[in-house]
Amino acid sequence: MAFTFDQAQHRYELDGAELISVTRVLELAGLVDYSFIPPATRNMALARGSAVHLATAFDDEGDLDDEALDPALLPYVEGWRKFRRDTGFQPDQIEHRGFHPTHLYAGTKDRRGTFPGKSSRYDLDIKCGHAQPWVWIQLAAYQAMEADPRTKLPYCVELPGDGTWREYPRPADWSFDLYFNYFLSCLTVTRLQILCGARKA
């Protein structure tokens, strides 16, 4: 199977057929709602988020040129560096794209890695500013794209843009099966909306 990603259009394809993304599923199902934000502000925030993800990925790979970095992004990168220093987190996957072969959705996981003294691997999501509860459904969907989803734990780190970081605590009721079922419910609703013409993919 040929799995591809078009960066310009943010389009995932499997053997030429488009796959819906995890974040698009959550958006169409109504969990992610930015309609109250003016379009210009939303577009600016999305562009900043993409730039922060790219900069932190380059930094983890040792390829970030600090002198060429947009000064507005530096506090986010410094927050990410502080997170790694404070926690000892070591990524073994960076901005990893994948798809689910049965449910036919795709997405890009920010990081997978380990913390010192902890036996589990973690699937980690980076959020600029405040995370929202749907991040745990998003992470369960990413975990399900791998062969061994129950062997990892989700983790979310917030970068407020002031050189610091915050952990977004995992909910007390979290389990992979429960939160992946939440995602599958969203996926079903989304596909029914598209089928009935209420939404466009």
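By convention here, the first residue in the shown sequence is residue 1.
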> Passes side chain to side chain contact (heavy atoms under 4.5 Å, CB included), V157 versus D110? Steps please.
Replying inline: CA-CA 11 Å; V157 60; D110 294 344; over 6 Å; no

Closest heavy-atom contact between [X] and [Y]?
| X | Y | answer |
| --- | --- | --- |
| Y105 | A144 | OH-CB, 3.5 Å |
| T114 | S120 | CG2-O, 4.2 Å |
| G129 | R166 | O-NH2, 3.7 Å |
| L69 | A55 | CD1-CB, 4.0 Å |
| R170 | P154 | NH1-O, 3.1 Å |
| A72 | P75 | O-CD, 3.6 Å |

Side chains of [X] and [Y]: do they bring a donor and an acceptor to under 3.5 Å?
| X | Y | value |
| --- | --- | --- |
| S175 | D177 | no |
| T108 | Y142 | no |
| D125 | Y168 | no |

Reported [atom1]-to-[atom2] distance for the pair [X] and [Y], which is rounded to 0.5 angstrom:
| X | Y | atom1 | atom2 | result |
| --- | --- | --- | --- | --- |
| L54 | L73 | CG | CG | 9.5 Å |
| R24 | C186 | CZ | SG | 13.5 Å |
| L187 | N181 | CG | CG | 12.0 Å |
| L14 | T4 | CG | OG1 | 8.0 Å |
| L178 | I137 | CG | CD1 | 8.5 Å |
| L124 | E167 | CG | CD | 9.5 Å |

Min side-chain heavy-atom separation [X]-[Y] under 4.5 Å:
| X | Y | answer |
| --- | --- | --- |
| W80 | V52 | no |
| L153 | F176 | no |
| P160 | Y76 | no |
| L104 | I20 | no |
| L19 | E13 | no |
| D148 | K152 | yes |

> With sequence neighbours left out, what residues match F99 under ring-ring contact (aromatic ring centres under 6.0 Å, His included)?
Replying inline: F3

>> List the residues meeting ring-ring contact (aromatic ring centres under 6.0 Å, His included) with W165, not counting sequence neighbours, and say none if there are none.
In response: F83

> Are V189 and W134 linked, directly or through other ILVMFWY residues, by side chains that come within less than 4.5 angstrom of each other?
Replying inline: no

Geometric class of the [Y]/[X] ring pair [parallel <30°, tilted 30-60°, perpendicular >60°]:
| X | Y | result |
| --- | --- | --- |
| F115 | Y155 | tilted |
| F183 | F180 | parallel |
| H10 | Y12 | perpendicular |

> Got a donor-acceptor contact below 3.5 angstrom from the Q143 side chain to the P149 backbone?
Replying inline: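 Yes, Q143 side chain to P149 backbone: donor-acceptor pair under 3.5 Å.
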
Ignoring hydrogens and angles, write down the donor-acceptor pairs under 3.5 Å from the side chains of residues 88-98, residues two or more places apart or on other chains.
{"from": "Q90", "atom 1": "OE1", "to": "R84", "atom 2": "NH2", "distance (Å)": "3.3"}
{"from": "D92", "atom 1": "OD1", "to": "R112", "atom 2": "NE", "distance (Å)": "2.7"}
{"from": "D92", "atom 1": "OD1", "to": "R112", "atom 2": "NH2", "distance (Å)": "3.0"}
{"from": "D92", "atom 1": "OD2", "to": "R121", "atom 2": "NE", "distance (Å)": "2.9"}
{"from": "E95", "atom 1": "OE2", "to": "R111", "atom 2": "NH1", "distance (Å)": "3.4"}
{"from": "R97", "atom 1": "NH2", "to": "Q7", "atom 2": "OE1", "distance (Å)": "3.1"}

>> Can you tell whether the side chains of R81 and D66 come within less than 4.0 Å, N to carboxylate O?
In response: yes

> Under the side chain to side chain contact (heavy atoms under 4.5 Å, CB included) criterion, do H53 and I126 qualify, and how do the steps go?
Replying inline: CA-CA 8 Å; H53 277 74; I126 301 169; 4.0 Å; yes

